[in-house]
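Before any comments, here is the structure.
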There are 2 protein chains.
Amino acid sequence: MQEAKTIDYNEKQVQIIETAERLFAAKGFEGTSVRDIAQEAGINIAMISYYFGSKEKLIEAIFAYRISYTRLTILNVINDEAMSPTEKLERIIDSYIDKMMKNQCFYRLMAQERSILEVQNISELIYDSKARNMEMVKKILQEGQKKGEFRKNIDVALLMATMIGTSNHFTSSQAFYRRYNNLKDMSDEDFQKYLKKKLGTYLKTLFKSLLTVQ
Amino acid sequence: MQEAKTIDYNEKQVQIIETAERLFAAKGFEGTSVRDIAQEAGINIAMISYYFGSKEKLIEAIFAYRISYTRLTILNVINDEAMSPTEKLERIIDSYIDKMMKNQCFYRLMAQERSILEVQNISELIYDSKARNMEMVKKILQEGQKKGEFRKNIDVALLMATMIGTSNHFTSSQAFYRRYNNLKDMSDEDFQKYLKKKLGTYLKTLFKSLLTVQ
DNA sequence: TAATTTTAAACAAACGTTTAATTAAATTTA
DNA sequence: TAAATTTAATTAAACGTTTGTTTAAAATTA
């Protein structure tokens, strides 16, 4: 048995993690049994305890697994002298949307955990990652304000809530959106591309009109 | 036993509904047992089946109960000739935030159901309520565009996603916000007021800068 | 051979629901 | 009004399943 925090998972472990992630996202953590996971992943039930210790530790492993490789991208952007603050923010929006659309299951799972109050271990993981992202966006905002590009009195947490909240809500209710706008003839792939484009353009417009000094 | 759709619930039924709502919000639907609910509400387990038929039908009753009385407010606003489109939108923002802050448990529950894919009966309920709200906001937008007050090419669904998504994310991560901004000395009541004020001001600024024609 | 992985079976605990008996309330009858 | 009857509400106990986890043996790999 391996420690949940270790990020070196073997093939079988990754297979379990990704299957569990998909099922948890679709039916919720408590709504998914370890037997569901075992069957879907084509492994024996005991393997879950064997590799992860428990169902609880499995979901912690999922979060550690996804968060650890979600982190990097912002770091490169922030110190790029050639980019304006506006461009940096646009890059962050793009990369956030990209990650979210590619990992819809995981973001669904995060939204579930966020809405449930009684989760301790995972909250800690999310807190750190969130605080780190927040600090970086804050720096970009301050840089823009210093250059007279952005208006002042902007709450970073609210700005982040807009980016994350709008994106999450929009993708979570994509079934609604598709039905409401009669887009059922579009292929799944095209629809995803359509959502991504639409959301990206919108958020950039939104940020620009909110932040720009008139 | 009464039909779940009926809105005439007696005292005891309301007590069960409100207890269940609170527990579902805190621990999730599958994470809450009927025994939890019975104990917390101070009733016998069998009363849940007796009054609602099943745990599944109980959560449907919660949604019917809350949605039925959440509806009204927008209707009065839309046909008020004395209000400008901008004022109407501001009123909608205020009344949405007010409802959400007063019924945080229910909104938490809605967010949970939204993130879980496999819920049919409830999705239908939400769809109707959502489509209705969307149509009304659409009308206000069109009125504002006609009067030259609002810019064109605004997707109503995305605008709603911003209002709902930002609000939900912000309140869902209020624990984070409190910790991040060192506000733990503030009383719970004051903190809620603070959040409400902050969110309202922000969303109005956001809407105004996005919609206003420059 | 020794260590690791995989298996089927078993575990007790918890689950949602139902039962059948009892109490309380409402209605009807005298 | 009082008693009798019917309906509704409440209870503790039991139901069969399903739950997450463990076991000890078998198979595989090193």
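Residue numbers start from 1 in every chain, and the chains themselves are labelled A, B, ... in the order their sequence lines are given, proteins ahead of strands.
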Please report, rounded to the nearest Å, how far the C1' atom of D:dT21 is from the OH atom of A:Y51. 18 Å
Every protein N/O lying under 3.5 Å from an N/O of nucleotides 17-24 of chain C:
from: C:dT17; atom 1: OP2; to: B:K55; atom 2: N; distance (Å): 2.9

Contacts of A:K198 meeting salt bridge (charged side-chain N to carboxylate O under 4.0 Å, His left out) (sequence neighbours excluded), chain-then-number -> B:D155
Distance in angstrom units between A:M47 CE and C:dT6 C1', rounded: 6 Å
Non-neighbouring partners of B:D94 that pass side chain to side chain contact (heavy atoms under 4.5 Å, CB included), sequence neighbours left out: B:K204
Tell me if the aromatic rings of B:Y202 and B:F170 count as close, with their centers under 6.0 Å from one another. no
With sequence neighbours left out, the residues meeting salt bridge (charged side-chain N to carboxylate O under 4.0 Å, His left out) with B:K12 are none
Protein-nucleotide distance (A:L58, atom CG; D:dT19, atom C1'), rounded to Å: 16 Å
B:F52 CZ to C:dG16 P, in whole Å, measures 15 Å
Below the 4.0 Å mark, does D:dT19 have OP1 or OP2 next to a side-chain nitrogen or oxygen of A:S33? yes
Among all residues two or more places apart in sequence or in another chain, which pass the side chain to side chain contact (heavy atoms under 4.5 Å, CB included) test with B:V34? B:I45, B:I48, B:K55
Atom-pair distance (NZ on A:K27; C1' on D:dT18), nearest Å: 13 Å
Sequence-distant partners of A:Y96, ring pair (Phe, Tyr, Trp, His ring centres under 6.0 Å), two or more places apart: A:Y107
